[in-house]
Amino acid sequence: MLLPALLLALPTLQPAPPQLEPLQPETFAAGGTLTNAFADVDGDGDLDLFVGFNGAANRLYENARGAFRDVAPAWGVADARPTRAAAWSDYDGDGDPDLLVGFTPGAGGVLRLYRNEGGRFADVTAASGLAVDSGAVRQPAWVDVDGDGDRDLFVAFRDRPNALFRQDSAGRFTEVAASLGLADPRKSVGATWFDFEQDGDLDLVVANQDGDANGFFVNRGGRFVDRADSLGVAGGGRAVGVATQGSVRPCVADFDGDGVADLAFANYGRNGLLLGARGGAFRDVGAEWGVATEGRHDTCAPADVDHDGRLDLYVNGTVSATESWRDWLFVREGGAMADRTPANVLALNASHGAQWADVDGDGALDLALAGTRADMPHALLRNVLPPAVARRSVQVRVRAPAGAEVRVYAAGTRRRLAARWTDAGSGYDAQSMAPVHVGLPTAGRVDVEVTVPNGRTRVRTTVRNVAPSARPIDVRVPGVR
């Protein structure tokens, strides 16, 4: 009986944390950043990175096969105003990413729309009708709310009713939130869109601060009804009515692998992980799954970090006048998640924005952080996986409005391997234009199905017999612009 006793006395072996190594640390050394977002600005096939600073000049990092340099002055986006928000979209339909930037109140308007003219951006804010004089800008999101094929713009505000700018056929925007039931006056910060009811139109989740309940605006034929209470989303895992608590970031992802959208919330208070049921209410399993950490958090960022086919979750801590709350990398293990935050990430102090993207083209998702502290770099961290494991993924560029769904099946079957959503509000007050990433536990071929909510219908297309690869595939859904 000696051997079992010895085995019981041995320490439990924990899986090694993911290995995240700094890329160009001298380039990304500056602190005082608030938001970050990815897009392929120059059309060369890799992802470039915009970083919004809290008073220093903003930066646009051009990516040349994994090597980055700041080109913001040359492209005309090196604004030195404190920048809270950034959202990429091809709003004018000419095939390249355009940029919406949100500033803190000061000289000039709080929104600025930059149209990509190939090598340089042009300020078209006034001409487009997006001049807004004041307001604490938080989450912007480009979505096709009315299903007419162009991009409309939602903006959450911390100090005034939220806004929805509908784009017309001439490329001009008109604010229509009040007429649609979306002019929520609560202290809004984060927001994201998806087709909750699977009826062909987009619904909206809004994260609210200062004790305010969250909003869940269900689209009823073009008008929106807040069903947050009945759907179990009002708190998002934290207390409602407590002024020191609130939600900052909602994330849509399929955490339990059932093909139905779940919601994660980064909160002031306990974080929430709410599992969805098709057409029904959400159930908070944050404590059961091990992610209901208490603190102040700004960003939730789902990703399959280790390519086991299951989503992991990055949640960042924020900073106040007296304290920096730590970041968390929760890795799915068994039926829950475990803290596997690398030591070098914990050493970075508090961050603010967090985005996953494959910046070096190896197939694995890398991590970009934006740190509001002066001593917190806006780090870019490479996810180090063995090359064969890194290539065991599928990346899908969806040529359709934000909020589209991507489902991956074992080739020739309906055995679902993953469900993902294109970015309709992410990071900290950000929206990226990046391929949808699906890690795979094996190297077998897959079928990729893309579904686009297109007004009152759901348009679907399938690409069959796709081999896992680090190279993204392009999917254009017929009849969808």
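Computed from a prediction, not measured in an experiment: that's the story for all the values here.
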Peer 1: Do side-chain atoms of R138 reach the backbone of A85 as a donor and acceptor pair under 3.5 angstrom?
Peer 2: no

Peer 1: Salt bridge between R69 and E62, side-chain N to carboxylate O under 4.0 Å?
Peer 2: yes

Peer 1: Would you check if V475 and T461 make a side-chain contact, meaning some heavy-atom pair closer than 4.5 Å?
Peer 2: yes

Peer 1: Does the structure place the NZ or CZ of R416 under 6.0 Å from the centre of the six-membered ring of Y409, at an angle of no more than 45° from the ring's axis?
Peer 2: no

Peer 1: Are F53 and H378 near enough that their ring centres are under 6.0 Å apart?
Peer 2: yes

Peer 1: With R249 as reference, evaluate D429, D298, T299 under the side-chain hydrogen bond (donor to acceptor under 3.5 Å, both in side chains) test and give the passing residue.
Peer 2: D429

Peer 1: Measuring from L99:CG to W88:CH2, what's the distance to the nearest 0.5 Å?
Peer 2: 4.5 Å

Peer 1: Check whether any side-chain heavy atom of L130 lies under 4.5 Å from a side-chain heavy atom of V132, and answer yes or no.
Peer 2: no

Peer 1: Any idea how Y314 and W356 line up, ring-wise: parallel (<30°), tilted (30 to 60°), or perpendicular (>60°)?
Peer 2: perpendicular

Peer 1: Ignoring hydrogens and angles, tell me if any N or O in the side chain of D262 forms a donor-acceptor pair with the backbone of L273 under 3.5 Å.
Peer 2: no

Peer 1: Yes or no on side chain to side chain contact (heavy atoms under 4.5 Å, CB included) for L311 and R332, after CA distance, side-chain angles and deciding distance?
Peer 2: CA-CA 7 Å; L311 281 176; R332 184 75 185 275; over 6 Å; no

Peer 1: Between the main-chain N or O of A368 and the side-chain N or O of D366, is there a donor-acceptor pair closer than 3.5 Å?
Peer 2: no

Peer 1: Would you check, one step at a time, whether the test side chain to side chain contact (heavy atoms under 4.5 Å, CB included) holds for D327 with V315?
Peer 2: CA-CA 6 Å; D327 288 11; V315 179; over 6 Å; no

Peer 1: Are the side chain of R59 and the backbone of A78 linked by a donor-acceptor contact shorter than 3.5 Å?
Peer 2: no

Peer 1: Which heavy atom in G109 sits nearest to a heavy atom in F103, and how many Å separate them?
Peer 2: O-CD1, 3.8 Å

Peer 1: Within the side chain of D212, is there an N or O that forms a donor-acceptor pair under 3.5 Å with the backbone of K187?
Peer 2: yes

Peer 1: Do the ring planes of F216 and F282 sit parallel (below 30°), tilted (30 to 60°) or perpendicular (above 60°)?
Peer 2: tilted

Peer 1: Less than 4.0 Å between a side-chain N and a carboxylate O, is that true for R391 and D362?
Peer 2: no

Peer 1: Would a distance-only check, ignoring hydrogens and angles, find a side-chain to backbone donor-acceptor pair under 3.5 Å from N454 to V480?
Peer 2: no

Peer 1: Would you check if P302 and D312 make a side-chain contact, meaning some heavy-atom pair closer than 4.5 Å?
Peer 2: no

Peer 1: Any donor and acceptor pair, going by atom type alone, linking the side chain of R460 with main-chain N or O of E449 inside 3.5 Å?
Peer 2: no

Peer 1: Quick one: do R310 and D304 make a salt bridge, cutoff under 4.0 Å?
Peer 2: no

Peer 1: Which heavy atom of G403 sits nearest to which heavy atom of T422, and what is that distance?
Peer 2: N-OG1, 2.9 Å

Peer 1: Locate the shortest heavy-atom distance separating A354 from A301; write the atom from each residue and the value.
Peer 2: O-CB, 4.1 Å

Peer 1: Y114 vs F121 aromatic rings, parallel, tilted or perpendicular, using cut-offs 30° and 60°?
Peer 2: perpendicular

Peer 1: Between D423 (side chain only) and Q431 (backbone N and O only), is there a donor and an acceptor less than 3.5 Å apart?
Peer 2: no

Peer 1: Tell me, with the steps shown, if R397 and D474 meet salt bridge (Lys or Arg N to Asp or Glu O under 4.0 Å).
Peer 2: CA-CA 5 Å; R397 276 192 295 252; D474 285 287; 3.0 Å; yes

Peer 1: If you apply the rule salt bridge (Lys or Arg N to Asp or Glu O under 4.0 Å), what do you find for R186 with D184, and how did you get there?
Peer 2: CA-CA 6 Å; R186 292 175 290 189; D184 190 344; 2.9 Å; yes

Peer 1: Quick one: do H297 and V248 satisfy side chain to side chain contact (heavy atoms under 4.5 Å, CB included)? Show the steps, please.
Peer 2: CA-CA 7 Å; H297 312 92; V248 180; over 6 Å; no

Peer 1: For side-chain hydrogen bond (donor to acceptor under 3.5 Å, both in side chains), just list the numbers for T462 and D447, CA-CA rounded to whole Å, side-chain angles, deciding distance to a tenth of an Å, and then say yes or no.
Peer 2: CA-CA 7 Å; T462 302; D447 296 336; over 6 Å; no

Peer 1: Sorted by first residue and then second, give each side chain to side chain donor-acceptor pair (under 3.5 Å) pair with at least one member in residues 192-202; sequence neighbours left out.
Peer 2: D195-R458, E197-R220, Q198-E405, Q198-R458

Peer 1: How long is the straight-line distance from CZ of R445 back to CG of N465, given to the nearest 0.5 Å?
Peer 2: 4.5 Å

Peer 1: For the CG atom of N36 and the OG atom of S432, what is their distance to the nearest 0.5 Å?
Peer 2: 7.5 Å

Peer 1: Distance from L275 atom CG to D284 atom CG, nearest 0.5 Å?
Peer 2: 8.5 Å

Peer 1: Report the residue from D152, V176, V155, T174 that forms a side chain to side chain contact (heavy atoms under 4.5 Å, CB included) with F165.
Peer 2: V155

Peer 1: Taking only residues two or more places apart in sequence, or in another chain, which ones meet A177 in a side chain to side chain contact (heavy atoms under 4.5 Å, CB included)?
Peer 2: L164, E175, L182, A183

Peer 1: Between V260 and D254, is any pair of side-chain heavy atoms under 4.5 Å apart?
Peer 2: no

Peer 1: Contact between T33 and Y428 at the side-chain level, heavy atoms closer than 4.5 Å - yes or no?
Peer 2: no

Peer 1: Quick check for you: to the nearest 0.5 Å, what is the distance between N63 atom CG and D42 atom CG?
Peer 2: 8.5 Å

Peer 1: Find the distance between CE (M433) and CG (D90) and round it off to the nearest 0.5 Å.
Peer 2: 6.0 Å

Peer 1: Please lay out, stage by stage, how Q395 and R471 fare under the test side-chain hydrogen bond (donor to acceptor under 3.5 Å, both in side chains).
Peer 2: CA-CA 7 Å; Q395 300 193 63; R471 185 187 298 268; over 6 Å; no

Peer 1: Could you walk me through whether L49 and V51 pass the side chain to side chain contact (heavy atoms under 4.5 Å, CB included) test, one step at a time?
Peer 2: CA-CA 6 Å; L49 176 64; V51 180; 3.8 Å; yes

Peer 1: Looking at side-chain heavy atoms only, is the closest gap between V446 and L417 below 4.5 Å?
Peer 2: yes

Peer 1: Please evaluate residues Y61 and F28 with respect to the criterion ring-ring contact (aromatic ring centres under 6.0 Å, His included), reporting the C-alpha separation (whole Å), side-chain torsions for both, the decisive distance (0.1 Å), and the verdict.
Peer 2: CA-CA 10 Å; Y61 290 103; F28 299 100; 4.6 Å; yes

Peer 1: Could you tell me whether the side chain of L380 reaches within less than 4.5 Å of the side chain of V359, counting heavy atoms only?
Peer 2: yes

Peer 1: Is there a side-chain hydrogen bond (donor to acceptor under 3.5 Å, both in side chains) between Q355 and S426? Walk through the geometry before answering.
Peer 2: CA-CA 8 Å; Q355 296 278 354; S426 67; 3.3 Å; yes

Peer 1: With a 4.5 Å cut-off on side-chain heavy atoms, are R420 and H437 touching?
Peer 2: no

